[in-house]
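All remarks here apply to the structure that follows.
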Amino acid sequence: MRELEKYYDGLKTEKEMREYWRENKIYDFVYDKNKPLYSIDTPPPTVSGSLHIGHIFSYTQAEMIARYRRMRGYNVFYPFGFDDNGLPSERLVEKETGVKAYNLPRSEFNKMCMETVKKYEDEFKELWQAMGFSCDWNLQYATISPNTQKLSQKSFIELAKNNRAYIKESPVLWCTECQTSIAQAELDSKDIDSCFYHINFGLGDSVLEIATTRPELLYSVVCIFVNPNDERYKKLFAGRGDPGAPPKVKVPLYNFEVPLLTDEKVAIDKGTGAVMCATFGDSTDVEWTEQHNLEYKKAIMPYGKISDEAEFIAGLRIKAARKEIVRLLEENNLIVKSENISHAVSVHERCGTEVEIIPSRQWYIDVMSKKEELLKAGDKIKWYPEHMKNRYVNWVENLKWDWCISRQRYFGIPIPVWYCEKCETPVFAEIENLPINPIETKYTGVCSCGCAEFIPDKAVFDTWATSSITPQLNLDTAKKYGIEEKDFMPMSMRTQAHEIIRTWAFYTIAKSLYHTNQIPWFDAMICGFVLAKPGEKISKSKGNAKFSPQELIKQYSADSLRYYAATARLGTDMYFDIQEMQDSSKRLITKLWNSSKFVLSHLEDFDPKYKPEKILPVDRWIIERTNEAILESVKWLDEYEIGMARKVADDLFWKDLCDNYIEIVKERLYQPEKHGYEERKSAQYAIYYCLFNILKIYAIYIPHETEYIYLNGLKDFAGEISIHLTEWEKPAEIDSKILEFGDILKQAISDMRKYKTENNLSMRAEIDEAVIKAKPEFKAWLIETEKDFTACSHAKKIAYEF
RNA sequence: GGGAGCUUAGCUCAGUUGGUAGAGCAUAUGCCUUACAAGCAUAGGGUCAUCGGUUCGACCCCGGUAGCUCCCACCA
């Protein structure tokens, strides 16, 4: 057995340990049918730029769970993936190269995307490896890979054939900057400064004042609404009967007439209580258009300009059009007043552009009619922390649109569909031909209408439409290891941050429900964010990501970052304090090193197979404390509370083992001639058990250091080639009597130390008497401990108060 | 406007069956102790946001209020 060096060199050691793990394939997935399976659905990071410390922390927390389960005897299926297709990646490429996707041939742009994505993936992978992640890279997947494309297209075709997915020409959320349809989940809200214009519309010989923030949409006004209970307008409807011809309102400038209708949705106290319904100003306009069966006019074109049909403003961009209309209205004295307001508008989360609603033909997945089933599925999943389920429920209940899955973009998975040139009926690719790009491959069949000419769909899928099948991607990999679907689905656990409950979690649940009629995973582990300060997310754009994760690892070591990342409470945001990280981690890592050094130096002649006939009471105490801590850690980790489990380990290690137990048995270990050889063996047995098990708990947090200590001190005793392949003890019931006995000893030591400190004495100073207060039932154990206690207190005499 | 979380020592936070308030950091004082001065010991420091209720007893359970944070809605 080798001895540990005087100081621990984390940076050097970590590299060596990772090399050791690689060489010995420590984390390679092996499916042992005698062990239960624990599968983790890890977020494939979006390849949209470099990762920051926030990503690192939440991934690390989940990684600790993987390690924990492995050491509890599970087959841990822990794959990693990259979400490398879609708009985020496209935007990254556009930003890095300065090109715009629509200015290039699609194949050329996609090639650029592949190159960029590859570069970042290598960077990501290196980073995860530098953090000591125990995933098996043989299980890796990428959402742009051919196999993923196949599964994603297959998922779509199945849903379309089961009428869960459908194509429809209808108003859709549209980003004029990215020039694509988007889904409700991609909306952000932003407060913007705007102007509320009160405009005079014509009403017979009189006028009707209507307030709007979007005068540029006057051309597309299809009717005016007032609330039926609004006293101001009731008289306008009097005597017209029902159904009567509604009053007509004349739109200014354009001078066409639209009906005046009533709807309960109109807020009486907003503006003048009369609202213009344009196609489309907002989502309420869409609802009204459907409910009241209104016509629609195309006002805004997909590229963000006003339609050619609109007089005065044709071809102008939206903001310019607004300006021009306002100018014309003012010129004609049609504006009664205008008030500056700040109001919330929906913007596209990726680019911040105000979202429009324009009619377009898109593919959707039905979620609106399945809300109840989706909510039930949410109930079946165990959410950690529990209250995170609220976000899911809240989202499902407030859904307004079916999930639009087609995007008019380039770097994504093609929609495997062609349309009949004559009747526009969609035809689907054959499953065995997937993956397929309909632009490159012709459809060879004949349409039911007899036509044989087909037009390919040029759109691609929403990124989430693919990343929502990660359980299926994982299953596909698992099958290669001989795991059957019934043993794999639902997966054990999904881990993710709370910000993507409405996207990733929701979509995955929906797809799982539609494909398999069951939940995708049993547990959802929802991590919090790492914030720079309250309310401020870490991001490059805010410039508060002072250090890159790579730099932090290089400077402070992965174990330091990992130990600190384990401070967080599950689901709760934490603030990253570099000083605190450095101090607390370094302290623990050093302490663990020094105490291990001490323990190992007393194990030269130790034989783990030999259990001393008599284990002394104080040794039984630290063994039992260790067992207690293991059980408590298990309890916390089963609930994904890694921070609480770490605290349990810290308390045992620091307070009980280092501060008290080692101080008590030190002399017994050094001087068997004074304390007895069998007594020394008892202590050896206890320190070995305690250190090994503490290392096993810490192994999930600081895998490098614990492995190094294990390899250089404990491996010869334990046999396994890595501490990460050992299993945690499974202690039976805890003996509380012996724990109580430990508390008595600790109290006595504390009293003794207090006395010495108050008298400015060294801890080694001799004192006349040390006093132990205890119940009489502990008398026998105390007598057995007297030699130890005398040694650690340096008291001439031990007095007892029973 | 609806919902969730938080409010405990100067700072960061624990406190999971309701029974005398805890840790780390910081501060002060002392201690070279056969692992560790990259250490150890001891101490000071809290009307547990606030008001009310239940209870023999409340940081904990219930209700109200305030502040902070987040999610959702608000887009005429």
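Every chain is numbered from 1, with letters handed out A, B, ... down the list of sequences.
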Taking N and O atoms by type only, does the side chain of [X] place a donor or acceptor under 3.5 Å from a partner on the base of [N]?
{"X": "K756(A)", "N": "A41(B)", "result": "no"}
{"X": "T284(A)", "N": "C75(B)", "result": "no"}
{"X": "S346(A)", "N": "C75(B)", "result": "yes"}

Distance, [atom1] atom - from [M] to [N], rounded to whole angstrom:
{"N": "U54(B)", "M": "A41(B)", "atom1": "P", "answer": "46 Å"}
{"N": "A73(B)", "M": "G3(B)", "atom1": "C1'", "answer": "10 Å"}
{"N": "G22(B)", "M": "G5(B)", "atom1": "C1'", "answer": "23 Å"}
{"N": "U7(B)", "M": "A49(B)", "atom1": "P", "answer": "8 Å"}
{"N": "U29(B)", "M": "G45(B)", "atom1": "C1'", "answer": "15 Å"}
{"N": "U16(B)", "M": "C59(B)", "atom1": "C1'", "answer": "14 Å"}
{"N": "C56(B)", "M": "G15(B)", "atom1": "C1'", "answer": "24 Å"}
{"N": "U12(B)", "M": "U47(B)", "atom1": "C1'", "answer": "23 Å"}

From [atom1] of [X] over to [atom2] of [N], roughly how many Å is that when rounded to an integer?
{"X": "N594(A)", "N": "C36(B)", "atom1": "CG", "atom2": "P", "value": "7 Å"}
{"X": "Q579(A)", "N": "A26(B)", "atom1": "CD", "atom2": "P", "value": "9 Å"}
{"X": "K270(A)", "N": "C75(B)", "atom1": "NZ", "atom2": "P", "value": "4 Å"}
{"X": "K591(A)", "N": "G39(B)", "atom1": "NZ", "atom2": "P", "value": "8 Å"}
{"X": "M581(A)", "N": "C13(B)", "atom1": "CE", "atom2": "P", "value": "17 Å"}
{"X": "Y564(A)", "N": "C13(B)", "atom1": "OH", "atom2": "C1'", "value": "11 Å"}

Worksheet item: Relative to the 5' end of RNA chain B, which residue comes earlier, D751(A) or Q184(A), by the nucleotide with the nearest heavy atom?
Response: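 In this pair, the answer is D751(A).
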Item to complete: Let me know, please, whether K655(A) or K647(A) comes out on the 5' side of the other along RNA chain B by nearest nucleotide.
Response: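 In this pair, the answer is K647(A).
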Between [X] and [Y], does at least one N-O distance fall below 4.0 Å, as a salt bridge requires?
{"X": "K635(A)", "Y": "E632(A)", "answer": "no"}
{"X": "R562(A)", "Y": "E705(A)", "answer": "no"}
{"X": "D583(A)", "Y": "R587(A)", "answer": "no"}
{"X": "R214(A)", "Y": "D285(A)", "answer": "no"}
{"X": "E386(A)", "Y": "K389(A)", "answer": "no"}
{"X": "D263(A)", "Y": "K265(A)", "answer": "no"}

Kindly point out which of [options] is positioned nearest to the side chain of [X]?
{"X": "W636(A)", "options": "U16(B), U34(B), A76(B)", "result": "U16(B)"}
{"X": "N394(A)", "options": "G2(B), A76(B), U34(B)", "result": "G2(B)"}
{"X": "K400(A)", "options": "A73(B), U33(B), C70(B)", "result": "A73(B)"}
{"X": "R502(A)", "options": "U34(B), C72(B), C13(B)", "result": "C72(B)"}

Item to complete: Tell me whether the guanidinium CZ or amine NZ of R391(A) lies under 6.0 angstrom from the six-membered ring centre of W383(A) and within 45° of its axis.
Response: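 No, a cation-pi geometry is absent between R391(A) and W383(A).
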Who is the Watson-Crick or G-U wobble partner of [N], with both distances under 3.5 Å?
{"N": "U54(B)", "answer": "none"}
{"N": "C74(B)", "answer": "none"}
{"N": "C11(B)", "answer": "G24(B)"}
{"N": "G67(B)", "answer": "C6(B)"}

Worksheet item: Just checking E663(A): base, sugar-phosphate only, or nothing, at a heavy-atom cut-off of under 4.0 Å?
Response: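 Answer is base: heavy atoms of E663(A) come under 4.0 Å of a base.
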Practice prompt. With heavy atoms under 4.0 Å as the rule, sort M644(A) into base, sugar-phosphate or nothing.
Written response: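 Sugar-phosphate: the residue M644(A), judged by heavy atoms under 4.0 Å, touches backbone atoms but no base.
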Worksheet item: Does Y7(A) stack onto the base of A38(B), taking stacking as ring centres under 5.5 Å apart and planes under 30° apart?
Response: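 Y7(A) vs A38(B): stacking yes.
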